[in-house]
Amino acid sequence: MAEIKKIKPSLPKGTRDFLPEEVAKRNYIFDTIKKVFRKYGFQQIDTPAFERLETLTGKYGEEGDRLLFKILNSGDYLKDAPEAELQSKNSAAITKHISEKVLRYDLTVPLARYVVQHQSDLTFPFKRFHIAPVWRADRPQKGRYQEFYQCDADIIGSTSLLNEVELTLIYAEVFRVLGIPVYIDLSSRKFLYGFAKLCGAENNFIEFTTIIDKEDKIGSARVKEELNTLTAGTGDKYIDLLPLMYMTEENYEERFENIISKFKVIDSQDGIDGLTEIQIVLEAILKYKYPSDRISFTPTLARGLGYYSGIIWEVVLNKPQILEDFNKEIEMGSLGGGGRYDNLTEMFGGRDMSGVGISFGIERIYDVMEELKLFPAELGETTKVLFVHFDDASEAYAFEALQKVRAADIASEIYPGRRKLDKQMNYANDKKIPFVVVIGGDEMASGKLSFKNMASGEQQKLNIEEIIEKLRS
RNA sequence: GCGUCCAUAGCUCAGUUGGUUAGAGUAGUGGUUUGUGGUACCAUUGGUCGAGGGUUCGAGCCCCUCUGGACGCCCCA
């Protein structure tokens, strides 16, 4: 074997390995979400981990382009790059010559590509879900990684607001099943556009939304300040309206009328439409009265990627509820987000198809569930019973018995090879195997095997059929 | 992309104003008379002190660069 330089085992920045127990817990979350998705009529799809460079660039804004992981071309990739650009050291210009593939940044843009490409094979409205890793060259932070999973459900080709209602119900149901108290913030890009117009900032809409969105973080005084700068003094007086727009179950009717009247004054159809949509969805949801899930129209929620054009969601922890139920305070960013996007398929030459979708932040959900101890205890268990033995004869005997247990569809294993009994018991212990069958000379002679319950330590002599019966119950 | 702090055994950490062969707990392995784990006791493996360079008679400790981590900012799940 060739000489290999020994290196310390380590992972690339922002990535992580998962131990068996962690995978079991992650699968529990995935399975819960999948089950709900399927119940609402969504079908799973998959797409490649990487896409063509031009498929993804420009879809997430300038910031997004910077965060795309580029894959270096194979072969002598510098050969065809123009000498002048190589000399210029302009990374952005050189990129398109040396890289034509990028790792996917989210699941929504690949979906748009997918829908346009396969439109003749799909049934519309197309309801799909997609659970897969995505990659972002972002600086890792709490609950933020460079490789992470997204769980998305989207509906393409239907403008009905019933879709928004259904997706909100999915959010509520998933978090209720997982046991996480959440708060669902609802907002609307159309409404925000109307509000931007009110503030005289319709030409700086993106900047406007970023400022509004920071309200909970930097406070309304600083928002006023920044808005003042952005609108050259015309917009800051409207910021006081924002808290008045916040609509919950108790107050939405009169507040709704109040805001609509303001939009009518400035003749903002977007504002009126946006708000009307919010009201329709909010009313439909409130009819169901999901007790553990609070929801409101939160006008300061503005974030979302550039492509959102209608209603947008964000799911955050319901901190007061968590304090009450678990006596704990947790700091965590949003657990999910989504929205309606009207123009995504156009970019790929498709006919105009509106889409709306939601996404679950699995990594953060995991951290929160770990913190609140919400995972079921039995997730760690895999093997139900372990056969241990003393010598070749008892090993062979145990192996025979093992086949009968497996025939009964019970997860079981035999300790491989000769080892002292306490070591074999230890193996069962470490793997959280709840039952052990000990087989030695006595057991082989009588056919009565020693069946041990690892939790209680209690042990009894049973034949293999009786053991299978016990394991089944 | 910017800022602050950090990096010693698989893991959690000690390591005195720079001074001999770098320590503990835990995990691992072996054992406590050879058929019973999760508790106890004994023994023992394991570290080019994140990597590279520099200052010094001498560096785990001081300086620089890189890599990785934690937490902010931007942005986002």
Side-chain angles (χ1 to χ4, degrees), chain A residues 5-17 19 29 33 60-68 91-92 105-108 131-152 206-207 209-211 213-214 217-218 302-306 308 313-317 331-338 357-368 386-391 394 398 415 418-444 449-459:
Chain A
K5 194 187 171 205
K6 277 187 191 162
I7 51 160
K8 222 179 179 174
S10 63
L11 288 170
K13 186 201 300 199
T15 65
R16 53 245 202 278
D17 286 328
L19 296 171
I29 299 173
I33 294 173
Y60 308 105
E62 207 175 306
E63 180 75 9
D65 284 353
R66 208 194 67 196
L67 298 180
L68 287 172
S91 304
Y105 178 91
D106 70 359
L107 302 177
T108 306
I131 298 180
V134 302
W135 293 268
R136 295 182 189 177
D138 201 0
R139 185 117 196 207
Q141 276 175 53
K142 189 178 182 64
R144 285 172 73 169
Y145 305 93
Q146 293 203 333
E147 178 184 68
F148 63 97
Y149 272 73
Q150 283 195 333
C151 305
D152 284 22
I206 302 294
E207 291 86 340
T209 55
T210 344
I211 293 170
D213 194 55
K214 287 191 287 193
K217 224 169 195 174
I218 63 174
R303 61 176 53 201
L305 298 163
Y308 289 133
W313 289 269
E314 186 163 80
V315 181
V316 295
L317 288 177
E331 278 307 318
M332 184 59 77
S334 66
L335 301 184
I358 55 171
S359 184
F360 287 84
I362 178 84
E363 324 293 343
R364 291 175 178 185
I365 291 172
Y366 181 99
D367 287 347
V368 169
L386 173 75
F387 284 83
V388 303
H389 45 83
F390 299 95
D391 47 36
S394 54
Y415 193 92
R418 204 78 342 95
R419 200 105 191 272
K420 295 189 86 168
L421 199 56
D422 57 342
K423 301 300 172 194
Q424 301 190 50
M425 298 298 279
N426 236 328
Y427 177 83
N429 226 27
D430 289 347
K431 272 189 89 170
K432 292 182 181 159
I433 298 172
F435 299 101
V436 167
V437 175
V438 184
I439 299 181
D442 297 350
E443 286 80 359
M444 284 192 285
L449 313 181
S450 297
F451 181 66
K452 177 160 182 158
N453 179 324
M454 292 297 276
S456 66
E458 148 199 21
Q459 188 166 318

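Nothing here was measured: the structure is a model prediction, and the numbers come from that model. A, B, ... follow the sequence lines: proteins, then strands. Residue 1 opens every chain.
As rounded to the nearest Å, G58(B) and A22(B) have C1' atoms that lie 16 Å from one another. Rounded to the nearest Å, the gap between the C1' atom of U48(B) and that of U39(B) is 39 Å. Distance check on atom P: A70(B) versus A40(B) gives 33 Å, rounded to whole Å. Spacing of P atoms, U65(B) relative to A77(B), comes out at 34 Å, to the nearest Å. Comparing the P positions of C13(B) and C75(B) gives an interatomic distance of 34 Å, to the nearest angstrom. Annotation: C62(B) and U56(B) have their C1' atoms spaced 10 Å apart (nearest Å). Rounded to a whole angstrom, the distance from the C1' atom of U8(B) to that of G23(B) is 10 Å. For the C1' atoms, the distance linking G47(B) with G10(B) amounts to 11 Å, nearest Å.
Residue-to-nucleotide contacts include no donor-acceptor pair under 3.5 Å from the side chain of Q459(A) to the base of G37(B).
Partners of R419(A) by salt bridge (Lys or Arg N to Asp or Glu O under 4.0 Å), not counting sequence neighbours: none found. By the side chain to side chain donor-acceptor pair (under 3.5 Å) test, S359(A) pairs with D152(A), sequence neighbours left out. Looking at residues two or more places apart in sequence or on another chain, you find a side chain to side chain donor-acceptor pair (under 3.5 Å) between K431(A) and E413(A), Y427(A). Qualifying side-chain contact (heavy atoms from CB on, under 4.5 Å) partners for K142(A), counting only residues two or more places apart in sequence or in other chains: none. Remark: D442(A) engages K461(A) in a side-chain contact (heavy atoms from CB on, under 4.5 Å) (not counting sequence neighbours). With sequence neighbours left out, the side chain to side chain donor-acceptor pair (under 3.5 Å) criterion links D138(A) to R144(A). Contacts of N429(A) classified as side-chain contact (heavy atoms from CB on, under 4.5 Å), with partners at least two apart in sequence or in another chain: N426(A), M454(A). Here Q146(A) pairs with nothing under the side chain to side chain donor-acceptor pair (under 3.5 Å) rule; sequence neighbours left out. For R139(A), the salt bridge (Lys or Arg N to Asp or Glu O under 4.0 Å) criterion is met by no residue, not counting sequence neighbours.
Y105(A) places its OH atom 12 Å from the P atom of C75(B), with the value rounded to the nearest Å. The interatomic distance linking H389(A) (NE2) with G35(B) (P) rounds to 13 Å, in whole Å. In this structure, CZ of R136(A) is placed 9 Å from P of C76(B), rounded to the nearest angstrom. What separates CZ of F360(A) from C1' of A77(B) is a distance of 12 Å, to the nearest Å. M444(A) places its CE atom 14 Å from the P atom of G35(B), with the value rounded to the nearest Å. L67(A) has its CG atom 11 Å from the P atom of A77(B), to the nearest Å. Rounded to a whole Å, the CG atom of N429(A) is 4 Å from the C1' atom of G37(B). Atom NZ of K452(A) and atom C1' of G35(B) are 11 Å apart (whole Å).
If you check every strand for non-hydrogen atoms under 4.0 Å, Q146(A) touches nothing. G337(A) comes within contact range of no nucleotide atom at all, as no heavy-atom separation falls under 4.0 Å. No engagement by G64(A) is indicated, since no non-hydrogen atom pair under 4.0 Å with the nucleic acid exists.
Side-chain contact between Y149(A) and I131(A) is present, with heavy atoms from C-beta onward closer than 4.5 Å. Taking 4.5 Å as the limit, some side-chain heavy atom of V438(A) sits within range of a side-chain heavy atom of F390(A). Side-chain atoms of D106(A) and R136(A), non-hydrogen and from C-beta on, do get closer than 4.5 Å to each other.
Place F390(A) and A455(A) on RNA chain B by their nearest nucleotides, and F390(A) ends up nearer the 5' end. Nearest-nucleotide positions on RNA chain B place M454(A) closer to the 5' end than the other of T210(A) and M454(A).
With hydrogens and angles left out, the side-chain atoms of S450(A) and E443(A) include a donor and acceptor closer than 3.5 Å.
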Which atom pairs link the protein and nucleotides 69-73 of chain B when you take only N or O atoms and keep those under 3.5 Å?
{"unit_1": "G69(B)", "atom_1": "OP1", "unit_2": "G14(A)", "atom_2": "N", "d": "2.6"}
{"unit_1": "C71(B)", "atom_1": "OP2", "unit_2": "K142(A)", "atom_2": "N", "d": "2.9"}
{"unit_1": "C73(B)", "atom_1": "N4", "unit_2": "Q141(A)", "atom_2": "NE2", "d": "3.2"}

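Both stacking criteria are satisfied for F148(A) over the base of A77(B): a centre-to-centre distance under 5.5 angstrom and an angle between ring planes under 30 degrees.
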**Request:** Take nucleotides 26-31 of chain B nucleotide by nucleotide from the 5' end and write B, S or -, depending on whether a protein heavy atom sits under 4.0 Å from the base, only from the sugar-phosphate, or from neither.
**Result:** ---SSS
**Item:** Nucleotide pairing, RNA chain B (Watson-Crick or G-U, distances under 3.5 Å), in dot-bracket with [ ] and |
**Value:** (((((((..((((.....[...)))).(((((.......))))).....(((((..]....))))))))))))....
